[in-house]
Undergrad: 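After the structure tokens below, expect a handful of questions from me.
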Amino acid sequence: MNGPISTPALDAMRRSIVDAVKVRTVAQALSLNALKAHYQPIVELKTGTVMGHESLIRGPIDSPLQFPDALFAAARSEGLTVRLEQACLIEGLRTWVHQAQDKRLFVNLSAQTLVTMVDRISIAGVMRTLKDMAVSPSALVIEITEHENVADLPRLIGVASELRALGLRFALDDFGDGRSSLRLWAELRPEIVKIDKYFIHNIHTDAVKVQTLRGLTRLAETFGTLLVAEGIEDEAELKIVRDLGIDFGQGYFLGRPGPVPAMTILVPAAEVIASSKIAVLPEMTRAAGADFTAQRLAVKVQPLESEATNDDVAKAFNDDPTLQSVALVEGGRPIGLLSRQSFVDRYARPFFKEIYGRKTALLFANTTPLTLDKYTGLDALTAVLTSSDQRYLSEGFIVTEGGVTSGWARANSWCAS
């Protein structure tokens with residue numbers, strides 16, 4: 001597991017040698033140290049925080065072995081799979097250790113390679129190598145790949161148990177891709193399971209995939225496992241995965257692989273995670289005129305524009321004793337929500353009217369209100385109303401149509417503009 005010493009000058013020399021040689025075999029790539037690690041962020045979906053990176057290997061640029069599929073296919077044909085995986089591990093650690101040690105590093109190893117490596121140099125040898133490279137064992141997550149090739153499951157479990165006792169953690173890669181094993185999850189008890197991107201692709205249009213992820217979350221709770229949704233590539237997919245309670249996410253919409261580990265996620269993804277708007281799940285979507293939706297429950301009222309003052313809000317509540325909350329809008333889109341009880345209590349305080357009466361009502365509004373599309377069905381409404389977040393039960397939810405304010409709701413009381 002010992003790796004090459006790295007210095008900027010030596011790296012530059014390697015690059016020049018690789019550029020001068022037409023690399024066509026894995027043996028050549030290994031002899032020239034021509035592999036380069038890229039890192040893709042793994043993100044906590046509740047906060048948008050980057051919790052770690054997966055090390056993804058690249059072969060020589062513009063060579064037939066540049067991308068992983070071709071690289072590993074060639075390694076199998078040359079009988080160099082174990083050597084290639086070990087080289088990928090070393091390269092991933094070598095570059096990462098100087099850039100992102102406050103995060104976790106996910107590295108891919110097949111069960112065969114992991115067991116072979118430990119058999120060759122022992123558990124103590126693995127730990128010495130990590131120490132020599134200044135890598136903390138607790139920062140390392142080993143992703144077990146190629147689950148169908150686990151020939152000796154008891155041996156794998158034994159090796160994993162020894163390494164886990166020394167601080168390393170384990171993940172199952174691509175769970176659900178047709179090769180992964182539920183038995184391996186149950187017996188290896190990995191700390192993390194990565195859900196194959198097939199189940200994430202277009203999940204916002206596929207009720208079966210939604211139900212599959214719900215089943216996996218229940219299974220994860222049973223095993224005490226964290227989940228990572230792989231292959232999140234657009235806003236709609238991220239919204240559904242986040243609202244299903246998946247712990248972590250990975251994909252191009254959150255951050256692309258690069259030679260330098262990213263410490264923050266892409267701006268559009270950050271905006272989705274920061275939003276309190278709940279995605280409408282496929283099986284909960286109803287067409288207009290369906291039996292039971294938020295639209296059907298609505299009672300029409302008038303929202304206030306963003307320029308409204310606290311005096312304007314007081315007048316609205318005074319004019320309509322049935323009004324329980326009022327939405328503030330800008331260009332029709334919700335930007336704030338005020339509940340009657342909290343507002344009236346505040347407005348009645350001494351000198352409040354004199355100090356704040358003519359100032360913007362946004363000062364005391366919830367500027368990140370929960371929003372639901374007006375076609376949201378009964379199941380989704382029930383999930384919201386039974387939420388542990390009691391704030392939404394007291395001050396209400398804003399109902400929208402195409403992103404534009406269409407109303408608000410509080411438990412069994414709904415109003416719409």
Undergrad: Is there a side-chain contact between I335 and T367, using heavy atoms and a 4.5 Å cut-off?
TA: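 Not touching, per the 4.5 Å side-chain cut-off.
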Undergrad: Before giving the answer on side chain to side chain contact (heavy atoms under 4.5 Å, CB included), spell out for L216 and R214 the whole-Å C-alpha distance, their side-chain angles and the decisive distance to 0.1 Å.
TA: CA-CA 5 Å; L216 288 176; R214 282 180 166 159; over 6 Å; no
Undergrad: Has D319 got more than 12 heavy atoms of other residues, nucleotides or ligands less than 6.0 Å from its CG?
TA: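 Above 12, so yes.
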Undergrad: Using the ring of F343 (Phe, Tyr or Trp, six-membered ring only), decide whether R346 places NZ or CZ under 6.0 Å from its centre and within 45 degrees of its axis.
TA: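 No, R346 does not lie over the aromatic ring of F343.
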Undergrad: State, yes or no, whether a side-chain contact exists between K209 and L213 at a heavy-atom distance under 4.5 Å.
TA: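 SC-SC contact between K209 and L213 ruled out.
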Undergrad: Can you give me the closest heavy-atom contact between R242 and K277, atom names plus distance?
TA: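 The pair with the smallest heavy-atom distance is NH2-O, 2.6 Å.
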Undergrad: Are any of the side-chain heavy atoms of Q211 and V208 separated by less than 4.5 Å?
TA: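 With C-beta onward as the side chain, the pair stays apart.
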Undergrad: Look at the side chain of E233 and the backbone N and O of F253, then say whether any donor-acceptor pair between them is shorter than 3.5 Å.
TA: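 Checking the backbone N and O of F253 against the side chain of E233, no donor-acceptor pair under 3.5 Å is found.
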Undergrad: Taking side chain as C-beta onward, heavy atoms only, is L168 less than 4.5 Å from L130?
TA: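 When only atoms from C-beta onward are counted, L130 and L168 do touch, with a gap below 4.5 Å.
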Undergrad: With the side chain counted from C-beta on, respond yes when L163 and F170 share a heavy-atom pair under 4.5 Å apart, and no when they do not.
TA: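 Contact flag for L163/F170 side chains = yes.
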Undergrad: Can you check whether D174's main-chain N or O pairs, donor with acceptor, with Y198's side chain at less than 3.5 Å?
TA: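 Looks like no, no N/O pair under 3.5 Å.
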Undergrad: Is there a donor-acceptor pair under 3.5 Å between the side chain of Q40 and the backbone N or O of G255?
TA: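 Yes; at least one donor-acceptor contact below 3.5 Å.
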Undergrad: So, S275 side chain and E271 main chain: donor-acceptor pair closer than 3.5 Å or not?
TA: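 It does not hold such a pair.
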Undergrad: Report yes if the side chains of T129 and V135 come closer than 4.5 Å at any heavy-atom pair, otherwise no.
TA: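 With C-beta onward as the side chain, the pair stays apart.
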Undergrad: Which heavy atom of V115 sits nearest to which heavy atom of R155, and what is that distance?
TA: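 The pair with the smallest heavy-atom distance is CG1-CG, 3.6 Å.
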Undergrad: Could R94 and E91 be called an ion pair, given the rule that one side-chain N must be under 4.0 Å from one carboxylate O?
TA: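 Salt bridge flag = yes for E91 with R94.
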Undergrad: side-chain contact (heavy atoms from CB on, under 4.5 Å) with L328: which of D312, L337, L338?
TA: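 Only one option passes, and that is L338.
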Undergrad: Of all the heavy-atom pairs spanning S138 and R104, show the shortest one and how long it is.
TA: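 Closest approach of S138 to R104: O-NE, 3.8 Å.
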Undergrad: Are R164 and E191 within salt-bridge range, i.e. N to O under 4.0 Å?
TA: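 Yes, R164 and E191 are salt-bridged.
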Undergrad: Can the positive tip of K194 be found less than 6.0 Å from the middle of the six-membered ring of F248, inside 45° of the ring normal?
TA: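 The answer is no; the distance or angle limit is not met.
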Undergrad: Atom CG of L65 and atom CD1 of I57: how far apart are they, to the nearest 0.5 Å?
TA: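 Those atoms lie 12.5 Å apart.
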Undergrad: Around atom NE2 of H201, are there more than 12 heavy atoms from other residues, nucleotides or ligands closer than 6.0 Å?
TA: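 No.
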Undergrad: Which atom pair, heavy atoms only, marks the closest approach of P259 to Q99?
TA: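 That would be O-NE2, 4.0 Å.
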Undergrad: Whether the W185 and T225 side chains hold a donor-acceptor pair (N or O, under 3.5 Å, no angle test) is what I'd like checked.
TA: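 There is such a pair (donor and acceptor under 3.5 Å, judged by atom type) between the side chains of W185 and T225.
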Undergrad: Relative to the ring of F364, is the ring of F352 parallel (under 30°), tilted (30 to 60°) or perpendicular (over 60°)?
TA: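 It falls in the tilted class, 30° to 60°.
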Undergrad: Any donor and acceptor pair, going by atom type alone, linking the side chain of S276 with main-chain N or O of T368 inside 3.5 Å?
TA: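 Here the side-chain-to-backbone pair exists.
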Undergrad: Please test L35 against L84 for side chain to side chain contact (heavy atoms under 4.5 Å, CB included), starting from the C-alpha separation and ending with a verdict.
TA: CA-CA 9 Å; L35 305 179; L84 175 60; 3.8 Å; yes
Undergrad: Does the pair V228 and D247 meet the rule for a side chain to side chain contact (heavy atoms under 4.5 Å, CB included), with working shown?
TA: CA-CA 6 Å; V228 177; D247 305 287; over 6 Å; no
Undergrad: Are there more than 12 heavy atoms of other residues, nucleotides or ligands under 6.0 Å from atom CZ of F223?
TA: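 For F223, atom CZ is crowded (more than 12 foreign heavy atoms under 6.0 Å).
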Undergrad: To the nearest 0.5 angstrom, please state how far the CG atom of L172 sits from the CG atom of L227.
TA: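 The CG atom of L172 sits 11.0 Å away from the CG atom of L227.
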Undergrad: Using the side chain to side chain contact (heavy atoms under 4.5 Å, CB included) rule, take T222 and R218 through it: C-alpha gap first, then chi angles, then the decisive distance, then the call.
TA: CA-CA 6 Å; T222 300; R218 289 191 290 270; 5.6 Å; no
Undergrad: Quick one: does R58's side chain have a donor or acceptor within less than 3.5 Å of a partner on H38's backbone?
TA: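 No; zero donor-acceptor contacts below 3.5 Å.
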Undergrad: Could you check whether any side-chain heavy atom of I61 comes within less than 4.5 Å of a side-chain heavy atom of K36, counting everything from C-beta outward?
TA: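 A side-chain contact under 4.5 Å is absent here.
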Undergrad: Please answer whether the main-chain N or O of L323 pairs with a side-chain N or O of R340 as donor and acceptor at a distance below 3.5 Å.
TA: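 Side chain of R340 to backbone of L323, a donor-acceptor pair under 3.5 Å: yes, one is there.
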Undergrad: Answer yes or no: does atom CD of Q341 have more than 12 heavy-atom neighbours from other residues, nucleotides or ligands under 6.0 Å?
TA: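 No, because the 6.0 Å sphere around CD of Q341 holds 12 heavy atoms or fewer from other groups.
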Undergrad: At their closest point, which heavy atom of P190 faces which heavy atom of L184, and how far apart are they?
TA: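 Smallest interatomic distance, heavy atoms only, reads CD-O, 4.5 Å.
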Undergrad: Would you say that E85 contacts S110 through its side chain, given a criterion of any heavy-atom pair below 4.5 Å between the two side chains?
TA: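 In contact.
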Undergrad: Compute whether any side-chain donor of one residue and acceptor of the other, for D311 and Y347, lie under 3.5 angstrom apart.
TA: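 Side chains of D311 and Y347: pair found under 3.5 Å.
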Undergrad: Which pair of non-hydrogen atoms, one from L30 and one from A87, has the smallest distance, and what is that distance?
TA: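 Between these two residues, the closest heavy atoms are CD2-CB, 3.5 Å.
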Undergrad: With rounding to the nearest 0.5 Å, note down the distance linking CG in L45 to CD in Q250.
TA: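 One finds 11.0 Å between CG of L45 and CD of Q250.
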